[in-house]
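Step one of this worksheet: look at the structure below.
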2 protein chains.
Amino acid sequence: MAGRAAVPEVIWARPERTGRGPKPAFTRADIAAAAVRIADAEGLDAVSMRHVAAELGCGTMSLYNYVPRKEDLYELMVDAVGAEHELFEPTGDWRADMLRNAGQTRAIMYRHTWVPRLMSGVFGFSPNTLRYLEHCLACLEPLDVPAGTKTELIALLNGVVTTYTANDIATVERTRSMPWSVEEENAVRMAYLGSQVATGAYPRLAAAFMEQSGPVDLEAVFRRALERVLDAYDPGLR
Amino acid sequence: MAGRAAVPEVIWARPERTGRGPKPAFTRADIAAAAVRIADAEGLDAVSMRHVAAELGCGTMSLYNYVPRKEDLYELMVDAVGAEHELFEPTGDWRADMLRNAGQTRAIMYRHTWVPRLMSGVFGFSPNTLRYLEHCLACLEPLDVPAGTKTELIALLNGVVTTYTANDIATVERTRSMPWSVEEENAVRMAYLGSQVATGAYPRLAAAFMEQSGPVDLEAVFRRALERVLDAYDPGLR
DNA sequence: CCTAGTTACGTACACCGTACGTAGTGCGCT
DNA sequence: AGCGCACTACGTACGGTGTACGTAACTAGG
């Protein structure tokens, strides 16, 4: 007599064990780990209820005892990789500390290229997210601005990290299920871009592309963006 | 003998008409408009090849003559709403102009709440994107920095607009197919957040939440973030 | 004119999320 | 102690998805 809820629910609020009935065969962590393993190895689209269940060695529908909706499985996955954040002791240099946090987030996303796709559009106050948020606030202790401004800085910084890293990764993730390579896809898109710029319809864009020599250093662009954002909140620079 | 391509392809590079055979019944614009209509009215998940074809009044597989893969349909949609950008004459005040551009992008996303979900993770050099980019560069003409820095500013600004607006919209889009309202969902998530903060495990987070009185003004937060980013690139402020 | 490249579209396949029903298990209460 | 109920487990089935493939009709270029 399960009966799916007709009312919203946060999976983190639902207790993992209620005492009654047979002992569950898995923990949420087991399930999250299995899903993460699949996503890492075969891409996010390979994460289906059937596939995860098979990986765990149980029937498909048994999964629904642990995870009411597939969306909740996604929340478990994001939270699971969130645990990879190292919550170090703040050094007192808030800029350096926040750069370190951002670098960790970026590293996590490069390790699990499906993360950005799940992050965008998810409210996401999971346990590990809260811990990370608290840690960021600790790092920002030396910064003398209102708490509201600090949370806005954190949000902006996280947004920038996600956006930039998502862009770097997008093609890789997309070409996963395609019969061609990342390089081929990028080459084709760049060829189109070049052909359009060559029409002369976009003079300023053309100039911008002429200016740059050699391939773009994505990591450098990323770091410059971070520095700019930090500048914008640094009272010592105003 | 259609035969899908085993090589990457940009839909914009494929000519819309090649002369041979019966006259196509629709243009790409028709198809994009139909898909946009469906997404606006019933949400992005309602945009299926069958549904779009039905809206156009043709067989499902006929669509594949115009759009080789569903992903390309998404590209058409994003490009279509990109046309809603008003490419005004730059005023000479680059900050004001860029704010205006950002405001337009945000407005478009509020009109078509599915846009952020498609934007994140898409390379996206569609015709209208290129036009918009060129227009932004025109607005930034008065700003005395290298062209590379300008494109980085545009990218950062667009990223911030997308991230913030996506967050504002996320719950609305998600609850579209759910049997409960946006307010209910938000209330539940906030209740969980409150319960966690109340445990005392997140003192700084708790302090930040105590500090704020009343509901958050999303628009104000958004504008503050934009101003910060613009500050970071304003030579007059350094 | 003919033929090759297109359009149109019905059918079919593999896969998806998940509603529902049934059977078995073991805690909590009386 | 033992009953009942909440829980786990999971097979089946339904309505949807993207799209490969085959066939028929059509028309512009040689």
Side-chain angles (χ1 to χ4, degrees), chain A residues 1-6 9 11 14-28 30-31 35 38-39 42-77 118 174 176-179, chain B residues 1-6 9 11 14-28 30-31 35 38-39 42-77 118 174 176-179:
Chain A
M1 203 63 62
R4 228 61 73 223
E9 194 183 6
I11 189 163
R14 154 192 287 228
E16 189 157 359
R17 184 85 182 90
T18 51
R20 253 345 199 287
K23 280 177 195 161
F26 319 106
T27 64
R28 264 176 211 162
D30 292 335
I31 295 173
I38 294 172
E42 306 174 52
L44 185 58
D45 292 334
V47 177
S48 70
M49 298 301 271
R50 283 171 234 266
H51 202 144
V52 173
E55 173 88 10
L56 288 167
C58 72
T60 305
M61 293 314 288
S62 306
L63 257 190
Y64 282 89
N65 288 319
Y66 304 85
V67 177
R69 292 164 300 139
K70 185 174 186 192
E71 195 194 295
D72 292 313
L73 178 61
Y74 287 151
E75 289 214 33
L76 289 189
M77 292 172 70
L118 292 186
R174 187 175 39 242
R176 194 159 213 143
S177 58
M178 303 291 180
Chain B
M1 203 65 62
R4 229 60 74 221
E9 194 183 6
I11 188 159
R14 153 192 288 228
E16 188 156 0
R17 184 86 181 89
T18 51
R20 246 355 192 282
K23 278 176 196 161
F26 318 104
T27 65
R28 262 177 213 162
D30 291 335
I31 295 173
I38 294 173
E42 306 173 52
L44 184 58
D45 292 334
V47 176
S48 70
M49 298 301 270
R50 282 170 235 265
H51 202 144
V52 172
E55 173 89 10
L56 288 168
C58 72
T60 304
M61 293 315 289
S62 306
L63 257 190
Y64 282 89
N65 288 319
Y66 304 85
V67 176
R69 292 164 300 138
K70 185 173 185 193
E71 195 195 296
D72 292 314
L73 178 60
Y74 287 150
E75 289 214 34
L76 289 189
M77 293 173 68
L118 292 186
R174 187 175 39 241
R176 193 156 213 146
S177 58
M178 302 293 179

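Lettering of chains follows the sequences in order, A, B, ..., and the numbering in each one begins at 1. Bear in mind that the values here come from a model prediction, so they are computed numbers and not experimental data.
Taking atom CE on A:Met49 and atom P on D:dC10, their separation rounds to 14 Å, with Å as the unit. For A:Leu63 and D:dG11, the CG to C1' distance is 15 Å, given to the nearest whole Å. In this structure, the CG atom of B:Asp72 is 9 Å from the P atom of D:dT19, given to the nearest Å. Per the geometry, CD belonging to A:Glu71 stands 9 Å off P belonging to C:dT18, to the nearest Å. Look at OH on B:Tyr74: it is 10 Å from P on D:dT19, rounded to the nearest Å. Atom pair B:Asp45:CG and D:dG18:P shows a separation of 10 Å (rounding to whole Å applied). Between A:Glu16 atom CD and D:dC7 atom P there is a gap of 14 Å when expressed in whole angstrom units. Atom CE of B:Met61 is separated from atom P of C:dC13 by 15 Å (rounded to the nearest Å).
Along DNA chain C, the nucleotide nearest to B:Phe26 and the one nearest to A:Thr60 differ in position, and the one closer to the 5' end is contacted by B:Phe26. Nearest-nucleotide assignment on DNA chain D puts the 5′-proximal partner with A:Cys58, out of A:Cys58 and B:Lys23.
If you check every strand for non-hydrogen atoms under 4.0 Å, A:Ser48 touches sugar and phosphate atoms only. Among the protein residues, B:Tyr66 comes within range of the sugar-phosphate backbone only, with heavy atoms under 4.0 Å from sugar or phosphate atoms but none that close to a base. No contact: B:Ala53 has no heavy atom under 4.0 Å from any strand.
Side-chain N/O atoms of A:Arg50 and base N/O atoms of C:dG17 include a donor-acceptor pair closer than 3.5 Å. The base of D:dC7 is not paired with the side chain of A:Arg20 by any donor and acceptor separated by under 3.5 Å.
Here NE2 of A:His51 is found 4.0 Å from CD1 of A:Ile38. Values are rounded to the nearest 0.5 Å. Here the CE atom belonging to B:Met61 is positioned 7.5 Å from the CE atom belonging to B:Met49, to the nearest 0.5 angstrom. Between B:Phe26 atom CZ and B:Leu63 atom CG the span is 7.5 Å, to the nearest 0.5 Å. Interatomic distance, B:Leu56 CG to B:Asp30 CG, rounded to the nearest 0.5 Å: 7.0 Å.
Closest to the side chain of B:Lys70, from the set D:dT17, D:dA9, C:dG17, is D:dT17.
Checking side-chain atoms of A:Glu16 against main-chain N and O of A:Arg28 turns up a donor-acceptor pair under 3.5 Å.
Distances shown here put every side-chain N or O of A:Ser62 at or beyond 4.0 Å from the OP1 or OP2 atom of D:dT8.
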